[in-house]
**Q** 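Next up is a structure, given as structure tokens.
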Amino acid sequence: MKLFASSSIALAALLQSSQVAAHTFIWGVFLNGVDQGSFRGIRTPAFNGAPPSGYNNSPVKNLTSIDMRCNVLGDFQNSHTIKVVPGDTLTFDWHHDYRTPADDVIDTSHHGPAMIYLSPDPPTENSFVKIWEKGLWDAGEMLKPGKWATTADIKANGGLMHMRVPEGLKAGFYLVRAELVGLHESDARFDQNPIRGAQFYPNCVQIEVTGDGTVELPEGVGFPGAYKYSDPGVHYDIYCSTKTKITAPCTLTYEIPGPTVWSGAYPDTTAVEVGPVSGATAKQPWSSWIIKSVVTSATYSGTKAFATATSVYTASWSSVYQTPTPAPMS
Ligand SMILES: *[C@@H]1O[C@H](CO)[C@@H](O)[C@H](O)[C@H]1NC(C)=O
């Protein structure tokens, strides 16, 4: 990361652009129902803005950006890795503002699919294997948006998303890439209209599989690369069934983006009951944040942040597994 001298002009721009709404990310991981602790094992996306108006984990919309892989600062490891064995259930706890039952998880309008991929850590150009997906499961009736994984499942279940570690999976370090997609503006394509387009919320979790399994993941897809702006599941009018005057082709079926689910994955993911949350349930001031590839470091007086330095961020993914070092903003 190259350090740049702090510029007051750049800083003013940063503070102004931090006024957008916060979105959703994984706050904790339960292993067989037991919480591993808030933010432990998770490559939490940089909260894109200065507190108190910050914490803006904006969606990734640029399909060719490296941020599609594990979100903003996704190359920075978490210092903790969650140890699992094949067959274990991991439950991801998605939240918006608080890690509590009162939190709204994700905005009501953010209907869309949810997917989970698994890759060896570090990933390669084609190492992400889809192990679970859910999209539109009840188209409902005309004039209603239908029932979607993000809103009618994960939001309705208090933010919980479950996956199982594939049977017989070979020991090693892996990254889980869990993803929610908001389709409320996906009738437009981001490459044609950058203020709109499908909204992707990828989050990566570091796991270490132990045991004597022999199953290797097959070839998968790459992030970025797996999705195209023209994919029917990326350019999709979620509201067309609610329009009385149809101006574009309108379907009540939905094709989830990306590859099909790997046959080695568990066909069904059973919800497990989760125990109490351990760790922070509210946002805490971060020592750095990032907006449009600029990292700002700050000190605090109460909740007021004072920027001390800025630097330009360029993702740098190692090609070999590295023992975790903490992210710069934790
Ligand atoms: C999308 O990301 C690519 C790769 O980082 C970049 O070259 C391009 O300028 C970005 N497009 C927009 C509209 O931000």
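Order of listing sets the numbers, starting from 1, for every ligand and every atom in it. Only heavy atoms go into these numbers, but all of them, side chains included; no hydrogens, no water, no symmetry mates.
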**Q** Can you list the ligand 1 atoms lying under 4.0 Å from a non-hydrogen atom of Phe190?
**A** 13 (C)
**Q** Any idea which protein heavy atom is nearest atom 4 (C) of ligand 1, and the distance to it?
**A** Thr64 O, 3.8 Å
**Q** State yes or no: are the ring centers of Trp27 and Phe25 separated by less than 6.0 Å?
**A** yes
**Q** Kindly indicate whether atom 7 (O) of ligand 1 is approached by any protein heavy atom to under 4.0 angstrom.
**A** no
**Q** Should you measure from each heavy atom of Asn62, which atoms of ligand 1 turn up under 4.0 Å away?
**A** 1 (C), 2 (O), 3 (C), 8 (C), 10 (C), 11 (N), 12 (C), 14 (O)
**Q** Hey, is CG on Asp212 packed in by over 12 heavy atoms from elsewhere, all under 6.0 Å?
**A** no
**Q** Please determine whether the number of non-hydrogen atoms from other residues, nucleotides or ligands lying under 6.0 Å from atom CD of Glu273 exceeds 12.
**A** no
**Q** Please confirm whether Lys130 makes a cation-pi placement over Trp132, using NZ or CZ under 6.0 Å from the six-membered ring centre and within 45° of the ring normal.
**A** no
**Q** Is there a protein heavy atom less than 4.0 Å away from atom 11 (N) of ligand 1?
**A** yes
**Q** Just to confirm my output: which protein heavy-atom neighbour is closest to atom 5 (O) of ligand 1, and how far is it?
**A** Ser65 CA, 4.2 Å
**Q** We want to know whether Asp97 and His95 form a side-chain donor-acceptor pair, criterion being a heavy-atom distance below 3.5 angstrom.
**A** no
